J.: 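Have a look at this one.
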Amino acid sequence: MWEPASEPSRRCTSESCQPRLKCNPTNIFRLRQHGLNVKVFEKGASSGGIWYWNQYPGARVDSDTPIYQLFDKELWEDFTFRERYAGWQDLKRYFQHVEKKWDLLKDIEYNKNVEGATFDESRNQWLIECADGTEVYARWFIPAIGFAAKRYTPPIKGLSSFHGDVFHTAVWPQWGVNLKNKRIAVIGTGASGIQTIQELGPKAAHLTIYQRTPNYCLPMNQRLLDPKEEEEKKKRGEYEEAFKKLYTTFAGFTYDFQERNTFDDTPEQREEFFEELMIKQGGFRFWLNTYKDMLKDEKANNEAYNFWRKKVVARVPDPQKAALLAPENPPHPWGTKRPSLEQNFYEVVSLPHVDIVDLQTNPVEEVTEQGIRTKDGNLVEFDVIVLATGFDAVTGSLAQLNIRDTDGQSIKERWADGVRSSMGISISKFPNMFFIYGPQAPTAFSNGPSCVQLQANWIDKTIKGLEDKGIKRFVAKKEAEDEWIRRTREEWDATLFPRAKSWYQGSNIPGKKVEPLNW
Ligand code: NAP
């Protein structure tokens with residue numbers, strides 16, 4: 001059907017002989033049904049994306065199960081996750097199930113690192129280039145590399161001189177690492193840091209958390225799923241109802257903001273309502289099922305913060321630790337940085353052999369051969385340093401590839417003055433290219449699979465429509481991008497989100513333009 005070729009003479013040039021697509025497994029199945037030749041190139045050795053690379057201890061999803069499954073009935077009718085919030089092992093089982101069910105493996109090449117692509121005007125096709133020299137032409141090109149494919153390592157003085165092991169959560173060794181009874185440092189307290197600390201804290205000989213900003217963690221209320229109960233739910237049509245509902249809510253979950261504002265309730269009603277959301281139901285409900293003004297009005301937001309703080313402080317007996325984890329004055333409005341879901345994080349942090357170093361008052365000076373020295377002169381010795389320092393998120397994934405527009409400019413160059421796209425799915429001067437789960441889409445503000453499924457459906461319909469009409473070139477207009485940027489900015493400015501230094505707006509990466517990155 002198609003022929004990879006590293007030399008021009010080996011390139012297959014007949015139209016029928018070309019792979020039409022570079023895309024992700026969500027698309028393969030349907031596009032194949034339209035009679036297209038589909039090929040996926042994947043850098044990892046198996047499926048999973050973030051769940052393949054980020055296999056750090058304790059890595060698990062924190063969106064409500066089973067809602068992160070793909071919505072097709074034939075995928076979920078004979079698959080049930082083990083827990084409400086599945087761990088990476090169970091997610092791996094799900095990916096394998098999807099591959100098998102849709103016979104996807106025949107169209108996927110693993111260990112295939114796409115480095116760049118250029119649009120060939122004479123053919124209206126992309127020439128896609130891989131690190132191993134493979135070059136293929138494709139009519140349609142779908143980079144589906146997620147929002148967190150470029151990890152961030154801060155330039156910490158002396159890091160390379162450390163004699164112990166250094167691991168970044170985003171590229172955790174696939175063979176696992178035994179960290180029992182080790183002296184461990186964890187730098188960073190985003191979702192990756194929280195989960196790593198929770199898992200390693202009880203096993204470590206000593207664990208030191210280097211915290212720059214406290215994470216407003218919420219109770220996960222994790223539990224095992226009863227397969228029989230889930231089967232009953234499927235039979236009663238509850239899964240189908242849930243999947244329908246996802247398309248209608250702000251963040252692609254089964255729940256949405258309330259119709260009422262914070263001060264529409266009395267203090268007693270508010271207390272009861274917060275208790276129900278945060279403690280009884282758990283998950284993201286305290287964030288996304290709450291009063292509709294919580295993320296827009298400072299006074300309303302403070303009410304959420306104070307309730308959250310009260311609950312955290314009650315779980316942390318050491319007042320110094322409590323003050324660092326849940327300060328009296330909020331460092332940023334509640335929910336304007338992504339909260340993580342925790343199971344026993346505050347109990348683990350309270351263990352006597354777990355310390356917190358506040359990087360705001362006592363930053364890291366250097367890493368030595370033995371450990372980490374902070375500004376106060378204190379050197380703590382370690383066997384292992386874990387960097388949970390996140391990603392050049394949302395734009396970094398695509399911008400790191402050498403994909404060039406019809407003027408020869410790379411995406412990185414095009415976005416130097418700010419990210420541009422039409423509807424967070426295509427870019428002007430990049431014809432026949434649709435990206436998934438990237439900038440200016442609901443991406444990081446959404447339940448991932450809800451966003452991805454919606455985009456994959458849109459791309460599927462668009463390509464089918466274009467193919468049916470014999471249209472060989474399709475490109476976003478600059479005016480459409482200008483309008484999308486205006487609307488993204490307008491929505492963003494109406495919230496409290498701009499007040500947090502966060503990867504939602506690129507302010508976690510020194511020198512990166514600060515702007516709203518998600519729709
Ligand atoms: P992150 O949220 O960006 O967290 C990075 C952490 O490193 C932050 O606490 C940050 O502090 C800190 N940091 C960065 N540079 C630093 C420096 N120079 N010195 C000290 N500390 C520094 O990254 P992440 O935890 O990998 O998570 C990213 C996103 O990926 C999540 O929000 C989530 O969307 C997704 N994720 C999901 C899951 C899950 O669902 N289970 C798990 C992991 C990741 P500041 O806050 O002060 O910047």
Side-chain angles (χ1 to χ4, degrees), residues 49-51 53-65 67-68 83 85-88 90-91 146-157 159 167-172 185-199 208-218 220 222 251 283-284 287 324-325 331-332 335-343 345 356-360 362-367 372 374-375 385-394 396-397 437 442-449 451 500-510 512 517-518:
I50 201 96
W51 301 112
W53 296 103
N54 290 229
Q55 294 179 11
Y56 56 82
R60 64 177 58 256
V61 82
D62 51 12
S63 302
D64 288 351
T65 305
I67 303 312
Y68 51 82
E83 296 167 300
Y85 299 97
W88 63 264
D90 211 21
L91 286 154
F147 78 84
K150 187 179 177 193
R151 69 180 178 277
Y152 174 63
T153 302
I156 302 171
K157 188 178 159 197
L159 188 60
F167 300 111
H168 196 297
T169 47
V171 274
W172 200 264
V186 177
I187 303 180
T189 51
S192 307
I194 297 298
Q195 292 182 337
T196 306
I197 292 161
Q198 206 172 238
E199 187 73 14
T208 308
I209 302 165
Y210 289 85
Q211 172 188 285
R212 194 165 65 180
T213 311
N215 191 323
Y216 301 164
C217 297
L218 291 171
M220 180 178 263
Q222 172 72 307
F284 280 157
W287 191 27
L324 289 175
L325 294 164
H332 51 273
T336 54
K337 280 177 89 138
R338 187 182 183 280
S340 298
L341 298 187
E342 56 83 32
Q343 296 169 79
F345 174 72
I356 310 174
V357 173
D358 175 21
L359 295 178
Q360 296 289 350
N362 190 20
V364 170
E365 281 279 293
E366 61 170 344
V367 175
I372 298 178
T374 37
K375 194 179 165 205
I385 297 175
V386 176
L387 299 170
T389 45
F391 303 90
D392 179 353
V394 192
S397 305
Y437 208 41
T443 309
F445 285 162
S446 69
N447 178 27
C451 171
K501 269 182 116 183
S502 77
W503 57 263
Y504 283 157
Q505 57 176 341
S507 45
N508 64 322
I509 303 295
K512 185 167 172 173
L517 295 177
N518 299 276

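Nothing here was measured: the structure is a model prediction, and the numbers come from that model. Numbering of ligands and ligand atoms starts at 1, following listing order.
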J.: Assess the pair Phe167 and Trp172: is the distance between their ring centroids shorter than 6.0 Å?
T.: yes
J.: Could you work out, with side-chain contact (heavy atoms from CB on, under 4.5 Å) as the rule, every residue matching Asp392, not counting sequence neighbours?
T.: Lys150, Thr395, Ile509, Lys512
J.: What is the distance from atom CZ of Arg338 to atom OG of Ser502, rounded to the nearest 0.5 Å?
T.: 12.0 Å
J.: On the 0 to 90° scale, with breaks at 30° and 60°, tag the Phe147-Tyr437 ring pair as parallel, tilted or perpendicular.
T.: perpendicular
J.: Could you name the protein residues that come within less than 4.0 Å of ligand 1, counting only heavy atoms, and order them by chain and residue number?
T.: Trp51, Tyr56, Arg60, Val61, Asp62, Phe147, Tyr152, Pro154, Ile187, Gly188, Thr189, Gly190, Ala191, Ser192, Gln195, Arg212, Thr213, Lys337, Arg338, Leu359, Ala388, Thr389, Gly390, Phe391, Trp503
J.: Going through the distances and angles, do Lys157 and Val367 end up as a side chain to side chain contact (heavy atoms under 4.5 Å, CB included)?
T.: CA-CA 6 Å; Lys157 188 178 159 197; Val367 175; over 6 Å; no
J.: Between His168 and Tyr152, does the ring centre distance come in under 6.0 Å?
T.: no
